[in-house]
Amino acid sequence: MKLDRDRPDDEIPTSSMADIAFLLIVFFMITTTFTATRGLDFALPEDDDDPPVVEKEESVLIEILPTGELIVDQDPMQLHEIIPYLKPKLERNPKKPVIIRPDTATPYKYMVQVYDELRQGEDHGLAEPINISVPTQREIQSFWY
Amino acid sequence: MKLKATIEHKPNIPTASMADIAFLLIIFFMLTITFEVDKTQVVLPKTTLRYEIPKQSAYVSIDPNGRIRVSDGNEQSALVSAADEVLSMAAGVIAMDPQKVFVVKSDGEVSWEKVDEVIDALKRAKVRDVYLLSDQRTVTDG
């Protein structure tokens, strides 16, 4: 009896796999854009029609002029001087609100600079995060006057 | 004299691991890819603190000329004429997903008044989580 030894090849053809894979790589390389996907979190308080009333005297007011100059509680101040100024006040009352109030013409970057500095309060030796408030113009007009 | 028989070696490049390397690269790109929903060209403000923004966040961008564009995080950003349109868009997005994160991508030179309008619109739309997109501040930035 003659046995048939011409068995078909049972290998999976993988020669084109690298071609397909590199095609996919090229697609992903072209479509990928490395963008800035990091930022500063800015949790908004709930829009309350009856927010808690904060007396101006109880809070610290940081005004930002269009030139980037800072007026903290009526006194001109440098950015790096804010935390040392706040430290004794916040040690007495850690919940003391710190209000950032930029002028409408102030470039946005100066507001972000101050907000970033205040957010680093704990790195500068404060026990608790600073209670930062950035009221919008509508809120200022509705509740401050 | 006895001559050595010459053994011919076929030249070949070992390609067995090429597919493995290629698939490794594909997996890397698949994990890192984020489809950009907003292509507005801005010079971002610089901050020391920067946190990773969740993927598929909604975007509100303000270009140096004060033009506002919005995106729900899935579709490409579209130009809007006023901050009130940001409110209606944000309210719609929040109605679908109350936990939706919004990103404010504004040029650093834009006046606070413009950004304030956008943030106020987001507040009124009951948005809770907002990120201010920024670049890394370094020691040389002063």
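Hydrogens, waters and symmetry mates play no part in the numbers below; they use all other heavy atoms, side chains included. Throughout, a chain's letter reflects where its sequence line sits, starting with A, and its residues are numbered from 1.
- Taking 4.5 Å as the limit, every side-chain heavy atom of Q137(A) sits out of range of all side-chain heavy atoms of D120(B).
- Only one option out of V134(A), T136(A), I64(A) pairs with W112(B) in a side chain to side chain contact (heavy atoms under 4.5 Å, CB included); it is V134(A).
- Residue F28(B) is grouped with residue L24(A) when hydrophobic side chains (ILVMFWY) are merged at heavy-atom distances under 4.5 angstrom, including chains of intermediate members.
- A heavy-atom distance below 4.5 Å is not found between the side chains of T104(A) and D116(B).
- Taking a 6.0 Å sphere around NZ of K95(A), one finds it holds 12 or fewer heavy atoms contributed by other residues, nucleotides or ligands.
- Shown here for G39(A) and Y131(B), the closest heavy-atom pair between the two residues is O-CD2, 4.0 Å.
- Using a 4.5 Å cut-off on side-chain heavy atoms (C-beta onward), V115(B) and M111(A) make no contact.
- When atom types are taken as modelled, the side chain of D116(A) and the backbone of L49(B) share a donor-acceptor pair closer than 3.5 angstrom.
- Tracing side-chain contacts under 4.5 Å through hydrophobic residues (I, L, V, M, F, W, Y), one reaches V98(A) starting from M77(A); they form part of the same cluster.
- No other option in M30(B), K105(B), K114(B) has as many heavy-atom pairs under 4.5 Å with chain A as M30(B).
- Within the 4.5 Å cutoff, the side chain of V26(A) has no heavy atoms near those of the F29(B) side chain.
- Looking at D103(A), only its backbone comes within 4.5 Å of chain B, counting heavy atoms on both sides.
- Contact between P107(A) and G108(B) at its shortest, heavy atoms only, is CB-O, 3.6 Å.
- If you take CD1 on I21(B) and CZ on F22(A), they are separated by 7.0 Å, rounding to the nearest 0.5 Å.
- With a threshold of 4.5 angstrom between heavy atoms, D20(B) does not approach chain A through any atom at all.
- For I62(B), no part sits under 4.5 Å from any heavy atom of chain A, backbone or side chain.
- Proximity of F42(A) to I119(B): side-chain heavy atoms (C-beta onward) are separated by under 4.5 Å at one or more points.
- The nearest pair of heavy atoms linking L40(A) to S134(B) is N-OG, 4.2 Å.
- In this structure, the side chain of R38(A) engages the main chain of R50(B) through a donor-acceptor pair within 3.5 Å.
- With hydrophobic clusters built from ILVMFWY side chains whose heavy atoms lie under 4.5 angstrom apart, V114(A) shares a cluster with I132(A).
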For the pair V112(A) and T47(B), evaluate side-chain contact (heavy atoms from CB on, under 4.5 Å) and give the outcome as yes or no after the intermediate values. CA-CA 7 Å; V112(A) 173; T47(B) 62; 3.2 Å; yes
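- Only the side chain of Q113(A) comes within less than 4.5 Å of a heavy atom of chain B; its backbone N, CA, C and O stay farther away.
- Looking at L132(B) and Y108(A), their side chains come closer than 4.5 Å, going by heavy atoms from C-beta outward.
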Test log, rule salt bridge (charged side-chain N to carboxylate O under 4.0 Å, His left out), inputs E139(A) and K123(B): CA-CA 11 Å; E139(A) 288 169 333; K123(B) 263 187 189 179; 2.9 Å; yes
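- Other residues, nucleotides and ligands place no more than 12 heavy atoms under 6.0 Å from the CD atom of Q41(B).
- Hydrophobic clustering (side-chain heavy atoms under 4.5 Å, transitive across Ile, Leu, Val, Met, Phe, Trp, Tyr) groups V60(A) together with L79(A).
- L133(B) and Y51(B) fall within the same hydrophobic cluster, where Ile, Leu, Val, Met, Phe, Trp and Tyr residues are linked whenever their side-chain heavy atoms come under 4.5 Å apart, directly or through other members.
- Chosen from T48(B), V104(B), L25(B), the residue pairing most often with chain A at heavy-atom distances under 4.5 Å is T48(B).
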